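Before any comments, here is the structure.
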Amino acid sequence: MTYLGFDLGTSGLRALLIDDGGHPVASAEAHYHTSHPHPGWSEQDAGAWTDAASTVMAQLQASHPKAVAAIQSIGVSGHMHGATLVGDDGEVLRPCILWNDTRSHAEAAKLDALPEMRAISGNIVFPGFTAPKLLWVKKHEPKIFERISKVLLPAAYMNFWLTGDAFADMSDSAGTSWLDTGARDWSDTLLSHGAMRVDQMPRLVEGCEIGGTLRPELAKVWGIKGNPSVVGGAGDNAAAASGIGAIGAGTGFVSLGTSGVLMVARDDYCPDPATAVHTFCHALPSRWYQMGVILAATDSLNWVSNVMDARPDQLSALLGDALSGPSDLRFLPYLSGERTPHNDSAIRGAFLNLDIAHTRADLVQAVMEGVAFALADCKFSLQQTGAEFDQIFAIGGGARSEIWVQMLATILDMPLHLPKDGEFGAAIGAARLAMIGATGADPETVLTKPETARVITPQKDLVEAYAQAHHAYRKTYAIMKELP
């Protein structure tokens, strides 16, 4: 028997097959584009996701037909907060408005000013969340708004396409601003504030709970025998946490991806919206997780690499193998605004203290330090909620730069575990959730941690110097905010 995980990312879809032991069997990828029709807009065609699913399944069927035929259950991980609007006939009414779309900042501020929003959802209403997007559609595209039968997150839309049934998991739904995150149910109060109704929401299930069955026509085309189930799945960070075994309190990860995330699992529900920390349901029942999010992590390094016409790994190599202490050049990584701790979609990045003597290496060091300082802001905010850090893995494309991980460990002042080569991301998390749903296995025995290749410890002789530099960095936001 095998189990299938789909990881619906912002730039592409990855499919991963695992066996009964939870080990990878085969994988395939397909990519698609994001459109930006206006400044601050970010949209995708939902049809591109389903086309990508057909493409990766054709690849897997060609390379591993027996493993595909033996699929027992499917789980989907997806990028969060997106608004996929579906009509009565199942037709998608407009392109999906994505997580990094900031057009609804005014609607978000209006909702966030209502005391019930934070009190019930446990979170600030960020511009990227789903609820303000629907108020924007109501105002600017009223004819489309009137036709809405269901609002589905990207992963939930994939569930709908796979099964014909509209269902979503708790972890993903917690990022809509419509969910009572503590009670793990839709809130009539929050929905009414967002001009929505509960019948327009998908049915809620836990991430490891079976929500439906694969449509027979898809099973036939893909060469799957039997009737595979489809579980609730998870939002991308909850799926990544499941894939890396971060399900117990104090376990988590720091991700140097397009955005940056410092995530820690919680056994209890302890929201503190004022910190701009996200408090969401985990993919497992009666568990939650919290995370600080910055909007431009490797995006910051990719930006400077484009400006310098050099690959990110080439720029990382300019810094050598050892830290030399904080730079006198400061970089604010607010290239697309910021979430934790500022909740500011309008703030933008900057270099400060530029000198004629500064080199390419100085600019790269400042960019890496700025991202690390922003993640240290996230750690501070998480600690304000009572979160503790016992075992934190460093993941994401940026974690391939050892000097960046060393810098991050020193600035965060905590050891970071680098996982041994293998599968530990959202795709394997989704596949293992599918295994739990199909077999009833104990999550503790399925959602295990990867082997640690090595632990990067803080460079103790530089911890204090970096702490002082971070203190100066923290003062800069308020000054930048006042500039015209």
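Treat the numbers as computed from the prediction; the structure is a model and nothing was measured.
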Can you list every pair that meets side-chain hydrogen bond (donor to acceptor under 3.5 Å, both in side chains) and has a residue in residues 365-381, with sequence neighbours left out?
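Output for this query lists Gln365-Glu369, Glu369-Tyr466, Asp377-His470, Asp377-Arg474.
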Does [X], at its [atom1] atom, have more than 12 non-hydrogen atoms belonging to other residues, nucleotides or ligands within less than 6.0 Å?
X      : atom1 : answer
Asn306 : CG    : yes
Lys420 : NZ    : no
Arg400 : CZ    : no
Gln384 : CD    : yes

Please report the interatomic distance [atom1]([X]) to [atom2]([Y]), rounded to the nearest 0.5 Å.
X      : Y      : atom1 : atom2 : value
Ser242 : Ile428 : OG    : CD1   : 11.0 Å
Asp7   : Leu16  : CG    : CG    : 9.5 Å
Gln44  : Tyr32  : CD    : OH    : 5.5 Å
Leu332 : Ser300 : CG    : OG    : 10.0 Å

Those residues that, when tested against Glu43, pass salt bridge (Lys or Arg N to Asp or Glu O under 4.0 Å) (two or more places apart)
Arg94, Arg103
Please tell me whether [X] and [Y] have a donor and an acceptor in their side chains that are separated by less than 3.5 angstrom.
X      : Y      : value
Asp19  : Thr2   : no
Ser305 : Arg311 : no
Ser121 : Asn123 : no
Thr385 : Gln290 : yes
Thr359 : Asp362 : yes
Asp328 : His358 : yes

Mind listing the side-chain donor-acceptor pairs of residues 455-462 below 3.5 Å, one per line with the distance, residues two or more places apart or on another chain?
from, atom 1, to, atom 2, distance (Å)
Gln459, NE2, Asp461, OD1, 3.4
Lys460, NZ, Asp413, OD1, 3.1

Donor-acceptor check, side chain of [X] to backbone of [Y], threshold 3.5 angstrom: yes or no?
X      : Y      : result
Glu338 : Ile347 : no
Thr275 : Val277 : yes
Lys133 : Phe129 : yes
Thr84  : Tyr157 : no

With a 4.5 Å limit on heavy-atom distance, are the side chains of [X] and [Y] in contact?
X      : Y      : result
Leu408 : Val254 : yes
Leu4   : Ser73  : no
Ser63  : Gln59  : no
Ile244 : Pro450 : yes

Are Tyr289 and His278 close enough that their ring centers fall under 6.0 Å?
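Ring-ring flag for Tyr289/His278: false, centres at least 6.0 Å apart.
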Using the ring pair (Phe, Tyr, Trp, His ring centres under 6.0 Å) rule, collect all pairs that involve residues 391-410, keeping only residues at least two apart or in two chains.
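Sorted pair list: Phe393-His417.
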Taking ring-ring contact (aromatic ring centres under 6.0 Å, His included) as the test, write out the residues that go with Phe331, two or more places apart.
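Testing Phe331 for ring-ring contact (aromatic ring centres under 6.0 Å, His included), a comparison that skips the adjacent residues, returns Phe351.
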Would you please classify the geometry between the Tyr334 ring and the Tyr477 ring as parallel, tilted or perpendicular, with 30° and 60° separating the classes?
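It falls in the perpendicular class, over 60°.
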Distance-only donor-acceptor pairs under 3.5 Å for side chains of residues 316-323, two or more places apart:
from, atom 1, to, atom 2, distance (Å)
Ser316, OG, Ser401, OG, 2.6

Answer yes or no: is there an ion pair linking Arg287 with Glu444, defined by an N-O contact shorter than 4.0 Å?
yes
Is Arg118 salt-bridged to Asp112, cutoff N-O under 4.0 Å?
yes
With salt bridge (Lys or Arg N to Asp or Glu O under 4.0 Å) as the test, would you mind laying out the steps for Glu402 and Arg454 before giving the verdict?
CA-CA 11 Å; Glu402 185 160 334; Arg454 62 188 186 280; 2.3 Å; yes
